[in-house]
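The next block holds one structure in the form of structure tokens; read it before the comments.
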Amino acid sequence: MKRRELAHKMFPDISDTLSDLEQTYPKRYLERGAYVTRFAPSPTGFLHTGSLFTALISKSVAMRKNGVFFVRLEDTDTKREVEGAADSLLSDLALFGLNPDEGFLGTEEKGLYGPYRQSDRAAIYRTVIKQMIVDNKAYPCFCSNSDLDNLRKRQEKEKVVPGYYGRYAKCSTLTVDQALKKVNAGEDYVVRFRSKGNHQNKIVVSDLLRGDIEIAENDHHIVILKGDGLPTYHFAHLCDDHFMRTTLVTRGEEWLSSLPLHVELFKSMNFDLPKYAHLPLINKLDDGKKRKLSKRYDEEAAVSYFINLGYPLEAILTYLMSIANYNFEDWWRVNKRTDILKFPFQFENMSLDGALFDVEKLNFFAREFIAVLTAEEVLERLRDFSEAQNDEKLTKLITDNEAYFIKILNIERGGLKPRKDFTYFADIYEQIKFFFDEEYYPLFDNVGINLFNPKFSKELIINLLTSLKTNLVYRRGNEVWFDSLKKVASAFNFALTGREYRANPALYLGMTGDVAEMLRIAIVSSKQSPNMYEVLTILGKKRVNERIDYAIEKLSK
RNA sequence: GGCCCGUUGGAGAAGUGGUUUAACUCACCAGCCUUUCACGCUGGCAUACAUGGGUUCGAAUCCCGUACGGGUCGCCA
């Protein structure tokens with residue numbers, strides 16, 4: 001048989017058969033209703049927010065019924081491969097706790113269905129293709145790039161669908177002898193799938209999210225093996241998801257249009273078609289228009305953007321899940337500290353149109369998340385963050401002042417109404433740095449000194465601060481302390497309450513709040529701060545007085 | 001352009017023919033609380049069912065057309 005000769009000539013190294021592969025990669029034993037899903041990134045850059053979304057859902061679905069979630073590295077595009085991308089993809093995935101049950105893990109592989117890196121699977125692809133050549137389901141194509149360019153131009157002129165199909169599929173009509181001759185002559189070739197489809201026919205394909213979709217049959221003779229000997233995505237999908245026994249393919253909506261092709265591929269090989277869930281894309285609003293998040297233009301497209309700002313990773317997942325399932329937020333409200341993978345994600349509860357990425361909502365979840373951590377947990381994470389960012393100054397500061405940090409982070413933390421003022425970890429030190437003298441003094445020089453209300457004379461402020469220094473009562477609680485402040489204010493003819501002041505502004509210089517503000521500026525160099533009594537207690541009377549003295553000194557100039 | 005998917009207030013989104021004068025969450029605004037901020041509470045904003053036909057006693061919900069948005073048409077994935 002001539003075709004066998006051709007196949008052997010093209011793939012002399014292959015002696016295995018399809019049934020060998022079937023035996024090597026047997027069907028998996030699974031619980032009823034369990035899914036085998038996968039995360040299949042190509043190492044062309046950092047983890048994309050959309051990929052994380054897909055991975056989260058794949059993992060959730062697999063976990064539900066003791067299925068399998070595995071990672072396969074799709075590294076067949078050698079031109080676009082980025083050094084180190086595979087490792088960072090994997091480490092980011094691990095950071096998010098989306099640990100695979102099996103697959104490509106960087107330095108090693110786990111599982112019986114490997115190799116899990118496509119560049120290591122050449123023998124498998126070649127075995128399948130060899131059989132396809134024998135069965136006349138595929139053929140070598142000798143068209144050059146310029147041949148294809150010309151074809152496209154011609155088709156554009158003729159106003160027909162561009163592509164290699166039907167009467168345009170020149171090499172599909174080559175006889176086996178002709179092909180053999182070219183191969184023997186050492187001509188370059190790719191391998192194409194011989195489609196039997198008819199574009200006029202409609203087929204029904206099924207998607208877990210969208211239901212049945214009526215769509216034209218594929219009739220394109222797509223490339224399945226590239227000139228470099230590596231498979232294209234479509235063909236790798238066929239071989240890998242069959243022999244890795246994937247039962248549910250979760251991928252972005254952009255793949256929906258190639259589904260007819262994939263259906264034909266599986267059918268032609270008599271492989272069971274996996275189920276598909278084409279997930280909505282995450283978009284962003286750009287100049288009033290909605291568009292897919294783009295790696296190149298949108299900083300929030302790369303998960304690393306949020307990692308570098310120190311967003312709690314749980315919050316990112318929480319946000320993504322809130323996009324994924326409408327009933328998630330209800331669950332979350334009572335499970336704020338529960339592993340998100342415990343949430344029963346369901347495809348039925350997913351909306352079909354791509355959501356706009358909303359940083360504000362992410363910030364909300366992030367604040368909520370940090371607010372329910374203990375001070376120890378916050379510090380632990382702050383330390384991890386500063387180490388990850390190579391912030392030696394902050395790292396050392398934390399190491400040298402652990403107990404102090406804990407006190408600071410404990411202000412108004414805990415209880416039913418915790419303070420919610422940290423959104424991400426890069427934010428924290430900025431907000432609490434006034435607690436450190438080396439930060440406070442320059443801060444007061446640059447900022448604080450200018451914050452005093454011009455309504456009051458410097459002399460008055462100095463006198464008030466001086467009085468506060470000696471008359472404030474610490475150690476007996478917030479109430480007593482604030483009473484002592486009121487007493488000072490009152491002695492200087494400030495109204496006790498805003499209401500009294502507003503009723504008779506002519507009678508007073510100001511109100512207690514004004515005095516509190518002066519003190520606050522002198523102590524924290526800002527008009528805002530957490531509860532002042534707590535701040536003062538943490539700083540200690542000695543340092544408070546030093547700061548007041550400093551403010552007085554500066555005001556006197 | 002062909003094909004496919006989608007379309008409920010600024011964002012996410014509930015709703016599957018009558019309980020809808022359309023939930024809920026974020027954002028925003030106001031008031032309360034309050035020594036500031038944050039929290040919390042109360043209220044509000046937002047002319048929200050793309051549009052035109054049809055089916056029906058009745059449509060956000062079913063059908064058809066149109067518009068708009070997105071995706072895809074590679075030896076990229």
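Within every chain, numbering begins at 1; the chains are lettered A, B, ... in the order of the sequence lines, protein sequences first and strands thereafter. A quick note: this is a predicted structure, and the numbers were derived from the prediction, not measured.
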Inset, instruction - With P as the reference atom in both, quote the distance from B:C39 to B:A30 in angstrom, rounded to an integer. - result: 14 Å
Among the nucleotides B:G70, B:C76, B:A38, whichever has the atom closest to the side chain of A:Glu253 is B:G70
Note: for A:Leu281 and A:Asn145 on RNA chain B, the residue whose nearest nucleotide lies more 5' is A:Leu281
Intra- and inter-strand pairing of RNA chain B, written as dot-bracket with Watson-Crick and G-U pairs under 3.5 Å and | for the latter, reads (((((((..(((.....[.....))).(((((.......))))).....(((((..]....))))))))))))....
For B:G65 versus B:G6, give the span between their P atoms, rounded off to a whole number of Å. 15 Å
Side-chain atoms of A:Glu360 come closest, of B:C75, B:A27, B:U36, to B:A27
Can you confirm whether the side chains of A:Glu264 and A:Ser195 place a donor and an acceptor under 3.5 Å from each other? yes
### Query
OP1 or OP2 of B:G74 less than 4.0 angstrom from a side-chain nitrogen or oxygen of A:Lys226, does that happen here?
no
Work out how far the P atom of B:G53 is from that of B:A60, and round it to whole angstrom. 14 Å
* Verify, without hydrogens or angle tests, whether A:Thr497 (side chain) and A:Glu500 (backbone) share a donor-acceptor contact under 3.5 angstrom. => yes
Sequence neighbours left out, cut at 3.5 Å: what donor-acceptor pairs do the side chains of residues 476-495 of chain A make with other protein atoms?
| from | atom 1 | to | atom 2 | distance (Å) |
| --- | --- | --- | --- | --- |
| A:Ser484 | OG | A:Val473 | N | 3.1 |
| A:Ser484 | OG | A:Trp481 | O | 2.5 |
| A:Asn493 | ND2 | A:Leu507 | O | 3.1 |

The side chain to side chain donor-acceptor pair (under 3.5 Å) partners of A:Asn335 (sequence neighbours excluded) come to A:Thr338
Considering only heavy side-chain atoms of A:Val190, the closest of B:A13, B:C75, B:A27 is B:C75
Just to confirm, is there a sub-4.0 Å distance from OP1 or OP2 of B:G40 to any side-chain nitrogen or oxygen of A:Lys420?
-> yes
- Message: With rounding to the closest Å, how many angstrom separate the P atoms on B:U72 and B:A77?
- Response: 14 Å
Electrostatic pair A:Glu377:A:Arg413 at N-O distance under 4.0 angstrom: no
In whole angstroms, the gap separating P of B:A11 from CG of A:Asn363 amounts to 18 Å
Short side-chain N/O contact to B:G15 OP1/OP2 from A:Tyr326, under 4.0 Å:
yes
| task | Take atom P in B:U55 and the same atom in B:U61, then report the distance between them in whole Å. | result | 15 Å
Examine the base of B:C75 for any acceptor or donor lying under 3.5 Å from a partner atom in the side chain of A:Arg192, and report the outcome as yes or no.
no
Distance check: side-chain N/O of A:Thr76 vs OP1/OP2 of B:A77, anything under 4.0 Å?
yes
Given the P atoms of B:C64 and B:G69, what is the spacing between them in whole Å?
23 Å
Atom NE2 of A:His278 and atom C1' of B:G70 are separated, to the nearest Å, by 15 Å
Is the phosphate of B:A13 approached by A:Ser351 (side-chain N or O, under 4.0 Å from OP1 or OP2)?
yes
Point to revise | hbond_proxy A:Lys361 side chain to B:U25 base (donor-acceptor, 3.5 Å cutoff) | key: yes
The answer to which of A:Glu74 and A:Arg520 contacts RNA chain B further toward the 5' end, by nearest nucleotide, is A:Arg520
_Say we look at B:G18 and B:G2: how far apart would their P atoms be, to the nearest angstrom?_
38 Å
Regarding the side chain of A:Arg333, the nearest nucleotide among B:U35, B:C24, B:G71 is B:C24
Below 4.0 angstrom from OP1 or OP2 of B:C76, is there any side-chain N or O of A:Lys79? yes
message = If the cut-off is 4.0 Å, is A:Arg210 near the phosphate of B:G71, judged by side-chain N/O to OP1 or OP2?
response = no
For A:Phe306, I'd like to know if atom CZ has over 12 heavy atoms of other residues, nucleotides or ligands within 6.0 Å. yes
ring centroid sep under 5.5 Å plus plane angle under 30, A:Phe482 with B:U35: yes
Margin query: Looking only at the side chains, is there a donor atom on one of A:His199 and A:Tyr165 sitting less than 3.5 Å from an acceptor on the other?
Written below: no
Item to complete: Could you work out the separation of B:C75 and B:G70 based on their P atoms and round it to a whole Å?
Response: 26 Å
Could you check whether A:Glu156 pairs with A:Arg154 (Lys NZ or Arg NE/NH1/NH2 to Asp/Glu carboxylate O, under 4.0 Å)? no
Checklist entry - Should A:Asp207 and A:Lys275 count as an ion pair when the cut-off is N to O under 4.0 Å? => result no
